[in-house]
Novice: 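This is the structure I have questions about; it appears just below.
First listed ligand is number 1; within each ligand, the first listed atom is number 1. This structure is a prediction, so every number in the text was calculated from the model and none was measured.
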Amino acid sequence: MKNLKDKVIIVTGGAAGIGGAMTTELTERGASVVAVDLNEDAGKEKVASNPEQIVFLKGDISKESVAKEVVAMAISKFGKLTSVVNNAHASRQKPLMELTEADWDLSMNTGLKGTLNFMKAAYPELKKSGGSIVNFGSGAGLLGQKNQGSYAAAKEAIRGLSRVVANEWAEDGIRVNIVCPLAFTDGVKYWKENFPEQYEEIISKNPMGRFGDPQKDVAPIVAFLLSDDSQYMTGQTLMADGGDIKLR
Ligand SMILES: NC(=O)c1ccc[n+]([C@@H]2O[C@H](COP(=O)([O-])OP(=O)(O)OC[C@H]3O[C@@H](n4cnc5c(N)ncnc54)[C@H](O)[C@@H]3O)[C@@H](O)[C@H]2O)c1
C-alpha cells in the first residue's frame, strides 16, 4: 500500500527498535525518511537498505541544534518536510526514591524536550504542507507503572503537550496525534531482564497474549496517522497494544 507517497518524514530514533521498523515500513509505503539516532551502525544499515528514500543523521535528539539540523537535512535532500514522528526516548527504571537528578533529566530531555524541539523546528515546514506529527506515549504513563517515575511523567507530559499543539496548530493545517505502542524491541528485552515479573504480568493480562511486532503491528498505525486517511483526526491517543488499555 503506497498511502505515504510524496511524504517526507522525520523519524527520531529511526535506526533501531520501533523507530527502525517505522523507517522501513514508511518507506515501503512510498515516503522518504530522515532518520536521526545515536546508533550510527544501525543508521548506516538502514540507509544501505534503501539509499534512495532514507537518509541518516547521527545526533542526540534532546539538543535543539540537532532538531534544526535534521529539518534542514530533510529540505536539502528531499525538498520539503511533511511529517514528524517523535519516537526516541531514553530512560532508566527505578523506584522513585532511587531516582537521581540525572535519571530525571535523561527522560525529560530525550522524551519531552526532544518532542518539543522537533515540533518547533518542523513547524514552518509543516505549515506549508499541512503536516502531521505523531508523538509517542506509553501504557506505563497511563497506568502509572511501578519503577517508571521519570518515564511515566515524561510520557504523560508528551500527551498533554500534544493536545495543546493539536489545538494551537489546527488552524495551520497541522495535525498531532499520539501512539502508545507495545512491541518487542531491544529496549523491552533489557527491561524484561531487569523486571521479569512485570513483563510476565503484561503478557498474562494482554487480551492478545503477546507483545506486538514493531513493523507489522505498530508501524501501520503510525502510517495511518501520517496519511491523509486520518485528515479529520487530531489530538487523539491511539493504543497499539493488543487491547491492553481501552481508552474512553
Ligand atoms: N517497545 C514498547 O513496548 C514500548 C511501550 C511503550 C512505549 N514505547 C515507546 O516507543 C518508542 C520506541 O521504543 P523502543 O522500544 O523502540 O525503544 P528502543 O530503546 O528499542 O529504541 C529507541 C531508539 O532511540 C534511539 N535513541 C535513544 N536516545 C536517543 C537520543 N538521545 N538521540 C537520538 N536517538 C536516541 C536509540 O538509539 C534507539 O535506536 C519510545 O518512545 C518508547 O518509550 C515503547
Side-chain angles (χ1 to χ4, degrees), residues 10-25 33-46 56-67 69-70 84-93 102 105-118 133-145 148 150-159 161-162 178-195 198-199 201-203 206 208 210-219 221-222 237-242 244-245:
I10 290 172
V11 180
T12 72
I18 295 173
M22 289 191 291
T23 294
T24 302
E25 185 65 26
V33 168
V34 183
V36 52
D37 204 300
L38 289 173
N39 187 339
E40 193 169 19
D41 290 343
K44 282 182 176 165
E45 268 179 46
K46 281 284 163 204
F56 172 73
L57 186 92
K58 185 187 178 193
D60 179 347
I61 50 101
S62 61
K63 296 200 173 101
E64 199 176 21
S65 58
V66 170
E69 210 180 326
V70 176
V84 178
V85 182
N86 282 306
N87 157 80
H89 193 164
S91 64
R92 299 185 192 102
Q93 284 68 45
D105 289 347
L106 176 71
S107 181
M108 289 296 161
N109 289 344
T110 58
L112 182 57
K113 193 158 145 266
T115 298
L116 174 68
N117 288 345
F118 274 78
I133 299 168
V134 176
N135 294 332
F136 268 58
S138 172
L142 288 156
L143 295 173
Q145 211 170 53
Q148 301 275 23
S150 65
Y151 178 71
K155 284 305 199 197
E156 286 299 277
I158 288 170
R159 290 204 319 126
L161 176 66
S162 302
I178 303 121
V179 169
C180 297
L182 189 67
F184 202 82
T185 59
D186 284 349
V188 171
K189 198 169 148 210
Y190 175 76
W191 169 77
K192 179 190 170 190
E193 280 159 16
N194 288 289
F195 300 100
Q198 277 190 357
Y199 176 82
E201 195 188 344
I202 287 180
I203 295 277
N206 189 288
M208 295 196 187
R210 63 177 177 87
F211 267 67
D213 176 86
Q215 189 170 347
K216 289 188 191 137
D217 293 324
V218 177
I221 292 170
V222 175
T237 297
L238 292 193
M239 304 304 299
D241 67 353
D244 187 32
I245 296 171

Novice: Which of these, Tyr151, Trp191, Phe211, has its nearest heavy atom closest to atom 9 (C) of ligand 1?
Specialist: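 The residue whose heavy atom sits nearest atom 9 (C) of ligand 1 is Tyr151.
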Novice: Are Thr237 and Cys180 side-chain neighbours, meaning at least one heavy-atom pair lies under 4.5 Å?
Specialist: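 Sidechains of Cys180 and Thr237: in contact.
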Novice: If you measure from each heavy atom of Gly59 to ligand 1, is any distance below 4.0 Å?
Specialist: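 Gly59 counts as a contact of ligand 1 under the 4.0 Å cut-off.
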Novice: Tell me the contacting part of Thr185 for ligand 1: side chain, backbone, both, or neither, using a 4.0 Å heavy-atom threshold, strictly below.
Specialist: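 Thr185 to ligand 1: side-chain contact only, backbone stays beyond 4.0 Å.
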Novice: With only distance considered, is Ile61 within less than 3.5 Å of ligand 1 through an N or O on each side?
Specialist: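 So ligand 1 has an N or O lying under 3.5 Å from an N or O of Ile61.
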Novice: Taking atom types as modelled, find out whether Ser162 and Asn135 have a side-chain donor-acceptor pair closer than 3.5 angstrom.
Specialist: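 Yes, a side-chain donor-acceptor pair sits under 3.5 Å.
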Novice: Below 4.5 Å, heavy atoms only, C-beta onward: do Phe211 and Asp217 meet side chain to side chain?
Specialist: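 No - every pair of side-chain heavy atoms lies 4.5 Å or more apart.
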Novice: Heavy atoms, side chains only, cut-off 4.5 Å: are Lys155 and Arg159 in contact?
Specialist: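 Sidechains of Arg159 and Lys155: no contact.
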Novice: Can you list the ligand 1 atoms lying under 4.0 Å from a non-hydrogen atom of Asp60?
Specialist: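 Going through ligand 1 atom by atom, the ones under 4.0 Å from Asp60 are 30 (C), 31 (N), 32 (N).
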Novice: Do the non-hydrogen side-chain atoms of Trp191 and Gln148 ever get within less than 4.5 Å of each other?
Specialist: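 Yes; the side chains approach each other to less than 4.5 Å.
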Novice: Please confirm whether Ser62 comes within less than 3.5 Å of ligand 1 when only nitrogen or oxygen atoms on both sides are compared.
Specialist: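 In fact, backbone or side chain, Ser62 has no N or O that close.
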Novice: Among the heavy atoms of Cys180, does any lie under 4.0 Å from an atom of ligand 1?
Specialist: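 The answer is no, since Cys180 has no heavy atom less than 4.0 Å from ligand 1.
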Novice: Side chain, backbone, both or neither: which part of Val188 has a heavy atom under 4.0 Å from ligand 1?
Specialist: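 Contact part for Val188 vs ligand 1: side chain (C-beta onward).
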Novice: Say whether Gly139 and ligand 1 are in contact under the criterion: heavy-atom distance to a ligand atom below 4.0 Å.
Specialist: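 No; Gly139 lies far enough from ligand 1 that no heavy-atom distance drops under 4.0 Å.
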Novice: Among all the protein's heavy atoms, is there at least one whose distance to atom 4 (C) of ligand 1 comes out below 4.0 Å?
Specialist: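 Flag for atom 4 (C) of ligand 1 set to true, protein heavy atom closer than 4.0 Å.
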Novice: Please classify the Ala15 to ligand 1 contact at 4.0 Å (heavy-atom distances, strictly less than): side chain, backbone, both or neither.
Specialist: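 Neither part.
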Novice: What I'd like to find out is whether the side chain of Phe56 reaches to under 4.5 Å of the side chain of Lys46, using heavy atoms alone.
Specialist: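 No, their side chains stay 4.5 Å or more apart.
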Novice: Would you indicate whether the side-chain heavy atoms of Glu25 and Val222 approach each other to under 4.5 Å?
Specialist: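 Heavy-atom side-chain distance check fails, nothing below 4.5 Å.
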Novice: Do the side chains of Leu57 and Glu69 get nearer than 4.5 Å, heavy atoms only?
Specialist: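 Result yes, sub-4.5 Å side-chain heavy-atom pair found.
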Novice: Can you tell me which portion of Thr110 lies within the under-4.0 Å heavy-atom range of ligand 1? Options are side chain, backbone, both, or neither.
Specialist: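 The answer is the side chain.
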Novice: For the 3.5 Å polar cut-off, considering only N or O atoms, please tell me whether Gly187 and ligand 1 meet it.
Specialist: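 Yes; the residue has a nitrogen or oxygen that sits under 3.5 Å from a nitrogen or oxygen of the ligand.
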Novice: Heavy-atom contact under 4.0 Å between Gly137 and ligand 1?
Specialist: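 Yes.
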Novice: Tell me whether Ser138 has any N or O atom under 3.5 angstrom from an N or O of ligand 1.
Specialist: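 N/O-N/O distance below 3.5 Å does not exist for this pair.
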